[in-house]
> 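Take a look at this one; I'll ask things after.
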Amino acid sequence: MTDYQVKFRIVIFQIIIVVVFFVFVGQLVRLQILEGEQYRQLADRNRFQTVEIDAPRGIIYDRNGNLLVRNRPIYDVTIVPAYLPDDTTDRAEVFAKLADLLNLPITNSGVRSIPDHNAYFRSFLHHEYTRLPGRQVRNTRSRKIASAPKGIQDAVEDAPPFAPYQPVIVATDISAEAAATIEQNRLNFPGVFVQTASKREYLTGELTSDVLGYVGPIPPTQTDRYPTPLYNPNDDVGLVGVESSYEQALHGSKGEELVEVDVTGRKIKTIGTTREAQPGNNITLTIDTDLQQFATDALQTAIDDSPGQSGAAVVLNAQTGEILAMVSLPTYDNNLFAEGISAREYSLLAEDERTPLVNKAIGGLYPPGSTFKVVVAAGALQEKTVSPRQQFVCQGVLYLPNKFFPDDPDLAQPFYCWYRKGHGPMDVVSGMANSCDVYFYQVGGGYEPSGYEGLGLDKLIEYSERFGFGAPTNIDIPGEGAGLVPSPKWKRLNYAETWVTGDTYNMSIGQGFVLSTPLQVANAYAAIGNGGTLYKPHVVQAVRNPQQELIYRAEPEVLGKLNVDAETLDWVREGLRAVIDWGTAAGKIDVPGITVAGKTGTAEFCDRYPQCLDKDGRVKTSHAWFAAYAPAENPEIAVVAFVYGGGEGSVVAAPVVNSILRYYFGFDRPSDAEANSGTDQIPSATGGKFTARLLGSDQFSEQAAAVNGYVLDATGKGIGGVTIEIIANDETVAQVVTGPTGQFDYNALDPQLADTWTIQLVDFPANPIKLSVSSSTRYFVEFQAEQ
Amino acid sequence: MESLRIWRKFDFWLLLVVLLLITYGIAMIFSATQSTEDLHLLWRTQLIRAGIGIIAMLVLAAIDYRYYREIYHLFYLTAIVLLIVVLVAGELTGGTQRWLAGGAIQPGEIAKLVIIIVLARFFAAHDGEIGQIKFLAQSIVIVALPMILIFLEPDLGTSLIIGFIWLVMALIAGMRLLHVAILGGAVVAASPIIWLAMKDYMRQRIILFLNPTGNPDDYYNVQQALISIGSGGWLGKGFGNGTQSQLRFLRVRHTDFIFSVISEELGMLGAILLILLFILLLWRILHAASVAGDSFGRGICIGVAAVIFVQTTINIGVNLGIMPVTGTPLPFVSYGGSSLLTFLLALGLVESVSMHRKQLDFET
């Protein structure tokens, strides 16, 4: 080889090098210039995702502005299977560490085959296709978690195949510490994410659960009611109570933001908000929580001290239909449902014969007993089938002659008065005052032997309906019963028997077939008291949007008119006054300075034959009723108390109503001094030590930061009247005092003023909370007394 | 005096180009890893290794390359022994093994250097005789032994690179084009046997080449590399601002796909700059070959040019989606101590050739 030849070959080599590199430049031109736009779009598709911004559900207050429900921020742990390590051992290590941290099993099944090694690779086949932008599923909080924690590995393996980017919830509502541990050790937890969500927390729990209801996952049968643009399949929706009937108002509309994510799907930064989240509207109830508490205690005492097993009480504004208190006992804690109730807990509640899950004030159907007599009296007076002074003699029993052998006294059917010795001559006022059954048998059903026709069945039915019986009141919470006003046709269809005079007799004293809810009784008495108007009862007073602008205020809505003359009503009202003054409830009602009108009711029932019969074969079990309104002249409120199987209305139910009335009119209240002493008692009750906790934070729209928190006693109950100091740079900027539920908030933490803010209890500065404040952030804190 | 005087013939241009390439690489390693917590200090490691490597290169440059002509047997034997040891150790641990002493020694990398020296010695000894099939066959035997051993590790990529080194050196040493054609025909004829001898993953690599959607993992990597490069445009997204690399959509970005990082962040301008640096580097090496004092020195330079060229081509080709994925680092630029050291030593040999050329003029 000559030198020349070699150099020639080197030149050839150089040419090849240049050619190859020119090919590269050509490819660069193609990729970067000719197809550049397309690749830029692909790069953007990689890094941008639209994610939903949660819209907080509306908050519910009582009529005095006490917070009843809040949204507590919670942390959920999710796993995105695609981001887990490829290696089975590494993956198992992640599961093990997570299981240890969260105290969850790795797997629940005994022996499990090792997952197909290729599963992860298979998932990559769908890399481009399953990563749907904008479908970052937030939350599939499984309600089953509470009863049987699913193993972490099981949860991941049970996830839908071919969707490796869909987060799988492995744990919900973990502690803030655990969430922080995961966030700080991201590298040790590849594929594991902490998501913030919120959970409904019912601060008043059992006290208001029958009114508020609760939220839960969308029932599979009702997916149509919650269409997807507005609802995410993982959303919680109101299922019972106000949460359900005002679902549309409470449910906000989700926002959407564009975020930049890294390859593991973690949000790096927010690019912009494409749709603002619209928080749900806030609701103010007509319920007075303090009255509700008092009524609950009074009713509970009555149930405890009587053979009764359950009961209900309703307090409503007689002039508007606003419900001030609505009690149904026993009840349930709606927090159980909000947290995810276990199957066992649920069946305990559902199978309890005292029906804790039923709001008995609106959904319980009971014979109204003597409280029903007002209908008969009003009807008969209005139809002039009886005159106010017309007397009937009560001998303790009324014999209804046999239809076919009217002359044979042995075949006559006896209808007893509750007072066997007989009341003697009774007119409408004394008849009501004494609740004389014999009077009402005749006024309602007539008496053939004397040729008196009475009001008659048709009119009795008509007046029952005018007073609101037999039809729902359309109260604004679900679960209401219509009650029953029987008719001959109804009896023929249900019993295949004809209607007899005896049935009319029974109905005239609120027995037999007639059924009503405590709310219907309360509403009827409110109408009698207010001069003849039936209002639609309601529990929601106002709805305000998040900017606190009023968007709905409940106005009194007329449900119907009694359509009886004022004179007639005056007689009925006089009868009801007499009940209190010298009748069946004499001495039972004591509200100084306030005149009260009311009616006792003792409705016999027999649900356990024959235990409910006494030795004479008479029914000995009865429901205790008392219905009243006050002040009698122009009533503010109507009150009904009902105790199932409680016994005598005057003995068991009247004291409940008495307690409620006394409370309402300002008696028996803890004095202001006592109320304040609640604050002073904190040191003795708690030893003066409080644990301070930062529960979490979320973003909100204001520029400044905010702090929102609770002061709780050792049992977790809020303490009102506690002063909290907000300190910036060793200088007290503000003091706030907790409300009755122990809540406080302060919305003007200015990050410009100081980086670190201190939140502490004025009287117990030992354990302050230090906050590093950044703008537009709301911090949730909690002070809890140590035992 | 003598030892100082020879540094005058040291090719400072070559050193400058290499320093630029290494600096470029370290900067891009820094950018590619800064968003990854456990990798973000790798640029420092690379910097230290580059320092060590450059010292080794200078030392090697000072040593007269002609000494190797006498002890090439020893080099060859050592390389073969190391390859056998790594193979046996690999058998023992039951997996693929390409390195010894915890990664410090990669016999495959050493073999590249040794083969260059041994072939340069062989072609120099048989200058003008390579046209004869006998000597060509001998050179094939020399190169086939390490190739097979490396192939068995298994490391198809390095094995092919060694084959390519031989091909370039043989061609420039005077191999006839007819023989190239015959050899090509033989390879095609033997391909079914080679196919059967291959490990599964090697077959998959080849299948993947023919059908790029076959291995989703590789497909993903290449796909992301193309997105990175394509989205870079004329001037790129700016240093440290590449969304594909900073958000880690691009994988193995500080090693095999560093070219994509450059193209994304610095655009076509940065990529062409890099390519120009490589052209400059290869031009200096081939210039050293042209002016080399003897055919042994020239052979060394051509071998080094060949190995740098083939690895650069494969790496950039993979990044640009016009070559099958082989996991070959980009010389001087990719993160990786062993590769960097090998190439700096190779340049040390080239510098040695250019520094010691004039003496030859006086001696002969």
Side-chain angles (χ1 to χ4, degrees), chain A residues 1-3 5-14 16-48 86 118 120-128 185-188 260-266 268-269, chain B residues 35 37-38 127-131 168 171-174 213 215-217 219-220 223-224 226-234 236-237 242-244 246-251 263-264 267-268 271-272 275-276 278-279 282-283 286 289-290 295 298 302 305-306 309 312-313 316-317 319-322:
Chain A
M1 285 279 285
T2 64
D3 213 37
Q5 278 177 311
V6 171
K7 282 187 178 160
F8 175 72
R9 292 198 174 196
I10 289 176
V11 169
I12 301 275
F13 185 29
Q14 282 170 330
I16 290 170
I17 290 171
V18 171
V19 166
V20 167
F21 284 3
F22 255 98
V23 170
F24 290 162
V25 172
Q27 176 75 347
L28 278 173
V29 170
R30 187 170 81 87
L31 295 178
Q32 297 191 301
I33 311 304
L34 303 180
E35 296 171 4
E37 190 47 46
Q38 177 193 333
Y39 283 111
R40 267 188 289 281
Q41 280 172 13
L42 286 173
D44 285 348
R45 220 167 71 184
N46 268 343
R47 69 185 173 121
F48 292 140
D86 311 25
N118 288 322
Y120 179 62
F121 283 104
R122 242 188 283 123
S123 75
F124 264 102
L125 281 172
H126 304 273
H127 190 279
E128 301 270 308
N185 298 291
R186 282 179 170 198
L187 290 173
N188 292 329
E260 188 180 78
V261 296
D262 71 3
V263 70
T264 65
R266 283 189 209 274
I268 304 298
K269 61 173 185 252
Chain B
S35 63
E37 220 159 306
D38 52 348
D127 203 3
E129 298 170 343
I130 303 307
V168 172
L171 274 170
I172 295 181
T213 52
N215 181 342
D217 215 2
Y219 178 66
Y220 171 85
Q223 212 47 40
Q224 294 304 322
L226 291 180
I227 293 172
S228 307
I229 296 168
S231 61
W234 284 106
K237 299 172 186 169
T243 58
Q244 287 286 105
Q246 300 305 327
L247 301 173
R248 308 195 301 276
F249 291 103
L250 184 64
R251 292 203 202 152
S263 305
E264 187 193 17
M268 181 177 270
I272 289 179
I275 289 172
L276 282 179
F278 274 110
I279 288 179
L282 291 171
W283 172 63
L286 290 177
S290 303
S295 48
R298 186 168 62 218
I302 286 164
F309 172 63
T312 307
T313 303
I316 296 179
N319 274 266
L320 289 171
I322 50 183

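The chains referred to below are lettered A, B, ... by the order of the sequence lines, with proteins before strands, and numbering in each begins at 1. Keep in mind it's a predicted model, so treat the numbers as computed, not measured. As a basis for the values below, the full set of heavy atoms in this structure was taken, side chains included, without hydrogen atoms, waters or symmetry mates.
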> Is Gln38(A) in contact with chain B via its backbone, its side chain, both, or neither, using a 4.5 Å heavy-atom distance?
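For Gln38(A), no heavy atom lies under 4.5 Å from chain B.
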
> Only pairs of heavy atoms separated by less than 4.5 Å count here; which of Ile272(B), Asn319(B), Thr313(B), Ile130(B) has the most with chain A?
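Ranked by heavy-atom pairs under 4.5 Å with chain A, first place is Thr313(B).
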
> Between Gln224(B) and Asn46(A), what is the shortest heavy-atom contact and its length?
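Answer, listing the atom of Gln224(B) first, then Asn46(A): OE1-ND2, 2.7 Å.
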
> About how many Å separate OG1 of Thr243(B) and CG of Asp44(A), when rounded to the nearest 0.5 Å?
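Here the rounded value is 7.0 Å.
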
> Between Gln27(A) and Gly321(B) (side chain of the first, backbone of the second, donor and acceptor by atom type, cut-off under 3.5 Å), is there such a pair?
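No.
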
> Using 30° and 60° as the class boundaries, would you call the ring planes of Phe21(A) and Phe309(B) parallel, tilted or perpendicular?
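Ring orientation of Phe21(A) relative to Phe309(B): tilted.
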
> At a heavy-atom distance under 4.5 Å, which candidate from Ser263(B), Ser228(B), Gly131(B) has the highest pair count against chain A?
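Of Ser263(B), Ser228(B), Gly131(B), Ser263(B) has the most heavy-atom pairs under 4.5 Å with chain A.
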
> Can you name the nearest heavy-atom pair linking Lys237(B) to Ala43(A), along with the distance?
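For Lys237(B) and Ala43(A), the tightest heavy-atom pair comes out as NZ-CB, 4.0 Å.
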
> Closest heavy-atom contact between Ile10(A) and Arg298(B)?
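So the minimum-distance heavy-atom pair works out to CD1-CD, 4.3 Å.
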
> Going by side chain to side chain donor-acceptor pair (under 3.5 Å), name the residues that satisfy it together with Gln14(A), two or more places apart in sequence or in a different chain.
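For Gln14(A), no residue satisfies side chain to side chain donor-acceptor pair (under 3.5 Å) once neighbours in sequence are set aside.
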
> How long is the gap from CD on Gln32(A) to CD on Glu264(B), to the nearest 0.5 Å?
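Gln32(A) atom CD to Glu264(B) atom CD measures 10.0 Å (nearest 0.5 Å).
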
> State, to 0.1 Å, how close Phe13(A) and Ala305(B) come at their nearest heavy-atom pair, and which atoms those are.
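Smallest interatomic distance, heavy atoms only, reads CE2-CB, 3.9 Å.
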
> Measure Ile275(B) against the heavy atoms of chain A and call it side chain, backbone, both or neither at under 4.5 Å.
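Both the backbone and the side chain of Ile275(B) come within 4.5 Å of chain A.
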
> Quick one: pull up CD1 in Ile16(A) and CG in Leu282(B) and give me the separation to the nearest 0.5 Å.
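Separation between the atoms: 12.5 Å.
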
> For Arg248(B), enumerate each residue passing the side chain to side chain donor-acceptor pair (under 3.5 Å) test, keeping only those at least two apart in sequence or located in another chain.
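If we apply the side chain to side chain donor-acceptor pair (under 3.5 Å) test to Arg248(B), skipping adjacent residues, the hits are Asp262(A).
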
> Looking at Arg47(A), Lys7(A), Glu35(A), which makes the most heavy-atom pairs under 4.5 Å with chain B?
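Looking at each of Arg47(A), Lys7(A), Glu35(A) in turn, Arg47(A) comes out on top.
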
> Is Leu286(B) close to Ile17(A) at the side-chain level, that is, under 4.5 Å between some pair of heavy atoms?
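A side-chain contact exists here, since the closest heavy-atom pair is under 4.5 Å.
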
> With a 4.5 angstrom heavy-atom cut-off, which part of Val23(A) approaches chain B: side chain, backbone, both or neither?
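Side chain only.
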
> Sort out for me which of Ile33(A), Ile268(A), Val20(A) touches chain B most, counting heavy-atom pairs under 4.5 Å.
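Winner by heavy-atom pair count: Ile33(A).
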
> Most heavy-atom pairs under 4.5 angstrom with chain A, which of Leu276(B), Ile302(B), Val168(B), Leu320(B)?
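The option with the most such pairs is Leu320(B).
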
> Are any non-hydrogen side-chain atoms of Leu247(B) and Val261(A) less than 4.5 angstrom apart?
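Result no, sub-4.5 Å side-chain heavy-atom pair not found.
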
> Can you name the nearest heavy-atom pair linking Tyr39(A) to Ile227(B), along with the distance?
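Minimum heavy-atom separation between Tyr39(A) and Ile227(B): CD2-CA, 3.5 Å.
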
